[in-house]
Peer 1: 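The structure's right below; bear with me while I get my questions together.
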Amino acid sequence: MSGGHIVARRPFPVAARAELGDAQLRANLRKATHTIRDKRLRVVGEVPDWEALRQAGAAIKDDVLARLPELLEQFEAAATAAGATVHWARDAAEACAVVTGLVRDTGAAEVVKVKSMATQEIGLNEALEAAGIAAVETDLAELIVQLAGDTPSHILVPAIHYNRAQIREIFSRNGLSARTDDPPALAEAARRHLRAKFLSARVGISGANFAVAESGTLVVVESEGNGRMCLTLPETLISVVGIEKILPTFRDLEVFLQLLPRSSTGERMNPYTSLWTGVTPGDGPQTLHIVLVDNGRTETLADSVGRQALRCIRCSACLNVCPVYERVGGHAYGSVYPGPIGAILSPQMSGEGANRTLPYASTLCGACYDACPVRINIPEVLVHLRQTGPHPPAERAAMRALSWAMRDRRRYTAALRAARRGAAPIRLVAGRRGAVRHLPWPLSKWTSTRDAPLPAKQTFREWWAHERA
Amino acid sequence: MKVALFVTCVNDLVFPGTGRAVVQVLERLGHTVEFPVDQGCCGQMHANSGYREEALPLVANFVKTFDGYDAVVGPSGSCVAMVRDWYPKLLPDAAEVAARTYELSELLVDVLGVTDVGATFPHRVTYHPTCHGLRMLRLGDRPRRLLAAVGGLELLDLPGAEECCGFGGTFAVKNAGVSGAMLADKCQAIAGTGAEYVAAVDNSCLAHIGGGLSRAGGPARPIHYAEILAATS
């Protein structure tokens, strides 16, 4: 079982159509993705052993996936020995129940949150709200999205679909006043709002970028420092961690702390890296809970081709280079994991809803695979997942007929001849370039956006037979 | 050198001029071209759309048809990528013929060691590197080098060249809206170069781009780069 915010409600083409109509969104996305894309290329180009780092990242993650049960138990033992309490959750509902119960036990009515994909995935904010607990997002972009009553549209830059003027507007509606829409003015408004929250919070909630098995250490990588506040000021810290976040040893961080910032924000190193191991008396939270979440990961791990998706370190480089993501944004994917990685992760973690339309949301252009710091062959997994469909009956019949015709010379030659002859009457009404503007269904799906070419008057094999054979 | 032409099904039916161009270029360079008539479709559309079972007989037919040739050449980045990258995973027997199958620019530049094929094409041309040629076959600048050596040809840089045109096989119809949005940006970039022709290594992508260009009414026309390499006036 799995659930939470990883299930698309609408088929991708339908959801995409709505987003495509938003010209402001397209402009915002284009500007933002191209900016990060260029920055990433610059800083990746500086690293002479980038390919070796990618190989190492993939190898370490594959090793983790191959012996996950053993490493998880090692992590639990080390974290427990260091003073943490480790909880296990099979799915989103279980994870939310555990966290909600833990917050209730503290009596707190408000929690401060570090930006975290795992808590987005399980729908924790909504679960807490239902229990009468306010969850305050403290990452600037997450705060913007939360104040707007919206959902994130990007893994790393959740408010990527808004521009500065829109953000100032959202702030002002919520009583946060910014003098101008300059980034420093917007950040100052958020800082004033959040400072009071940090100083009064008794419970902090985080995810983790990495969980080190040998030491029980958790790691959060961030830019703003809000995470550091949440991780150090409250009395109680609850960290929600996907089971694939494990790294075997502390030394493995060397590889990932080089790969992650350059791939995500396009920086050589991120400003804040927080590491904590259990509880340190007199310093930081005195109660630490770690909730390890499965939520469809074990099922994903069972697929020998698809499991490479679990190497993902949530850098979002694949989103920033994806031509499909650039046109439609994250909401069209209907999951907290959008873009190319979402198109392979969401349907594997949950086969519910419209998730099976997601593997088709790609041209297989391969830009994501090139950008991925842990070498997830996203096109390979997309094609693999397409094996299970959905295959509309008419499409399946056509594919079978084509396969039958094209594997035999006589049938193939006859089919080409029939297609050529069938096109002859259409040629009479074609435009000046021999291009066809309108064709009946299902070919109208082609001519809805571009003219169609016609079969030639003589096929190549007819020419060859005539001239050469 | 005995070269077998893998013309591809799309070229056979819709763009036979591209197949004829490959024959002309190779014969001009003194090579013998054969066309094994048992060839059909490589199965790319089936495999990429989630119909592996339907692709397998086509893969087997390709392997049987092209067994024994020194080299197999195809004027299509994506069909050759299908053979080279996917065939060995689909059918272990395919590894040997897959390794001897080349996209035209690979055969010319790497195997035959030629960049100037003696062509003349006095036109302004921009080049769109199609995704499978770029990121699966890693053709790099081979097609551009071949085009740059063509007499009279003015090669114009295409902004955002490495971005996908939005074709993507069945993607073009399953997600026609997104495909159309990508196409519009590509057509705008092409129009901005002032080129008379946009060349590429794949006629399927060019059919999509050309359909967009003709719908938009701009002057640029699609052309397979093999037809430029075959041109002598």
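These values consider heavy atoms only, across backbone and side chains, with no hydrogens, waters or symmetry-generated copies.
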Peer 1: What pair of heavy atoms forms the shortest contact from A:Leu402 to B:His46, and how long is it?
Peer 2: CB-NE2, 3.9 Å
Peer 1: Nearest heavy-atom pair of A:Tyr360 and B:Phe171: which atoms, and what distance?
Peer 2: O-CD1, 3.5 Å
Peer 1: Name the member of B:Val23, B:Asp85, B:Leu134 that forms the most heavy-atom pairs with chain A at distances under 4.5 Å.
Peer 2: B:Val23
Peer 1: Does CD belonging to A:Gln55 count more than 12 external heavy atoms closer than 6.0 Å?
Peer 2: yes
Peer 1: Flag yes if more than 12 heavy atoms outside B:Glu27 fall under 6.0 Å of its CD atom; otherwise flag no.
Peer 2: yes
Peer 1: Measure distances from B:Glu163 to the heavy atoms of chain A and classify the residue's part below 4.5 Å as side chain, backbone, both or neither.
Peer 2: side chain
Peer 1: Chain B contacts: which residues in residues 449-462 of chain A have a non-hydrogen atom closer than 4.5 Å to it?
Peer 2: A:Thr449, A:Arg450, A:Asp451, A:Pro453, A:Leu454, A:Pro455, A:Ala456, A:Gln458, A:Thr459, A:Phe460, A:Arg461
Peer 1: Could you pull out the closest heavy-atom pair between B:Lys89 and A:Glu380, with the gap in Å?
Peer 2: NZ-OE2, 3.5 Å
Peer 1: Which pairs of donor and acceptor atoms, one on a side chain in residues 67-75 of chain B, lie under 3.5 Å apart (sequence neighbours left out)?
Peer 2:
residue : atom : partner : partner atom : Å
B:Tyr69 : OH   : B:Glu34 : OE1          : 3.3
B:Asp70 : OD2  : B:Lys2  : N            : 3.3

Peer 1: Given a strict heavy-atom distance threshold of 4.5 Å, which part of B:Leu56 is in contact with chain A: side chain, backbone, both, or neither?
Peer 2: neither
Peer 1: Who among B:Ala55, B:Ala172, B:Gly180 has the most heavy-atom pairs with chain A under 4.5 Å?
Peer 2: B:Ala172
Peer 1: Students often mix this up, so state it plainly: with edges at 30° and 60°, are the rings of A:Trp464 and B:Phe35 parallel, tilted or perpendicular?
Peer 2: tilted
Peer 1: Just give me the residue among B:Gly17, B:Cys41, B:Ala60 that pairs up with chain A most often, heavy atom to heavy atom, under 4.5 Å.
Peer 2: B:Cys41
Peer 1: Working to the nearest 0.5 Å, report the span between NZ of A:Lys445 and CG of B:Asn175.
Peer 2: 10.0 Å
Peer 1: If you measure from CH2 on A:Trp446 to OG1 on B:Thr170, what distance do you get to the nearest 0.5 Å?
Peer 2: 11.0 Å
Peer 1: Return the CZ to CG distance between B:Arg138 and A:Asp370, rounded to the nearest 0.5 Å.
Peer 2: 4.0 Å
Peer 1: Any side-chain heavy atom of A:Leu364 sitting closer than 4.5 Å to one from B:Cys131?
Peer 2: no
Peer 1: Could you walk me through whether A:Glu395 and B:Lys174 pass salt bridge (charged side-chain N to carboxylate O under 4.0 Å, His left out), step by step?
Peer 2: CA-CA 11 Å; A:Glu395 180 189 280; B:Lys174 281 182 186 285; 2.6 Å; yes
Peer 1: Rounded to the nearest 0.5 Å, what separation is found between the CD atom of B:Gln39 and the CZ atom of A:Arg409?
Peer 2: 11.0 Å
Peer 1: Taking side chain as everything from C-beta outward and backbone as N, CA, C, O, which of these in B:Met45 sits under 4.5 Å from a heavy atom of chain A? Side chain, backbone, both or neither.
Peer 2: both
Peer 1: Go through the steps for A:Arg386 and B:Ser49 under the test side chain to side chain contact (heavy atoms under 4.5 Å, CB included), then give the verdict.
Peer 2: CA-CA 6 Å; A:Arg386 289 176 184 186; B:Ser49 306; 5.6 Å; no
Peer 1: Does any backbone or side-chain atom of B:Thr18 lie under 4.5 Å from a heavy atom of chain A? Answer side chain, backbone, both or neither.
Peer 2: neither
Peer 1: Let me have the donor-acceptor pairs involving side chains of residues 9-27 of chain A, under 3.5 Å, with sequence neighbours excluded, atom names and distances please.
Peer 2:
residue : atom : partner : partner atom : Å
A:Asp22 : OD1  : A:Gln24 : N            : 3.2
A:Asp22 : OD1  : A:Leu25 : N            : 3.0
A:Gln24 : NE2  : A:Asn28 : OD1          : 2.7

Peer 1: Given heavy-atom pairs under 4.5 angstrom as the criterion, report whether the side chain, backbone, both or neither of B:Val10 touches chain A.
Peer 2: neither
Peer 1: Please output the residues of residues 200-207 of chain B in contact with chain A, using a heavy-atom cutoff of under 4.5 Å, in numerical order.
Peer 2: B:Ala207
Peer 1: Please test B:Tyr51 against A:Gln387 for side chain to side chain donor-acceptor pair (under 3.5 Å), starting from the C-alpha separation and ending with a verdict.
Peer 2: CA-CA 6 Å; B:Tyr51 295 89; A:Gln387 293 303 319; over 6 Å; no
Peer 1: Answer with side chain, backbone, both or neither: which region of B:Lys64 has an atom nearer than 4.5 Å to a non-hydrogen atom of chain A?
Peer 2: neither
Peer 1: With only heavy atoms counted, which part of A:Thr388 is less than 4.5 Å from chain B, the side chain, the backbone, both or neither?
Peer 2: neither
Peer 1: With only heavy atoms counted, which part of B:Ala47 is less than 4.5 Å from chain A, the side chain, the backbone, both or neither?
Peer 2: backbone
Peer 1: List the steps, then state whether salt bridge (charged side-chain N to carboxylate O under 4.0 Å, His left out) holds for B:Arg20 with A:Glu467.
Peer 2: CA-CA 11 Å; B:Arg20 295 198 298 269; A:Glu467 300 286 326; over 6 Å; no
Peer 1: Where does B:Cys9 contact chain A at under 4.5 Å (heavy atoms): side chain, backbone, both or neither?
Peer 2: both
Peer 1: How long is the span from the CG atom in B:Leu13 to the CZ atom in A:Arg420, to the nearest 0.5 Å?
Peer 2: 9.0 Å
Peer 1: What is the minimum heavy-atom distance between B:Cys164 and A:Thr363, and which atoms define it?
Peer 2: SG-OG1, 3.2 Å
Peer 1: First locate atom OG of B:Ser179, then atom CZ of A:Arg327, and finally report the distance between them rounded to the nearest 0.5 Å.
Peer 2: 10.0 Å
Peer 1: Counting heavy-atom pairs under 4.5 Å with chain B, which one of A:Arg417, A:His34, A:Arg410 comes out on top?
Peer 2: A:His34
Peer 1: Shortest non-hydrogen contact from B:Arg215 to A:Val436?
Peer 2: NH2-O, 4.5 Å
Peer 1: Given that the side chain runs from C-beta out, which part of B:Val178 has a heavy atom under 4.5 Å from chain A: side chain, backbone, both or neither?
Peer 2: both
Peer 1: If you take all heavy atoms of B:Asn61 and A:Met406, which pair is closest and at what distance?
Peer 2: ND2-O, 4.2 Å
Peer 1: For chain B, find which of A:Ala415, A:Cys365, A:Ala361, A:Ala405 contributes the most heavy-atom pairs closer than 4.5 angstrom.
Peer 2: A:Cys365
Peer 1: Please determine, among B:Val37, B:Thr130, B:Val7, the option with the most heavy-atom pairs under 4.5 Å with chain A.
Peer 2: B:Val37
Peer 1: Examine whether an atom of A:Val324 lies under 4.5 Å from a heavy atom of chain B, and if so say whether it belongs to the side chain, the backbone or both; otherwise answer neither.
Peer 2: both
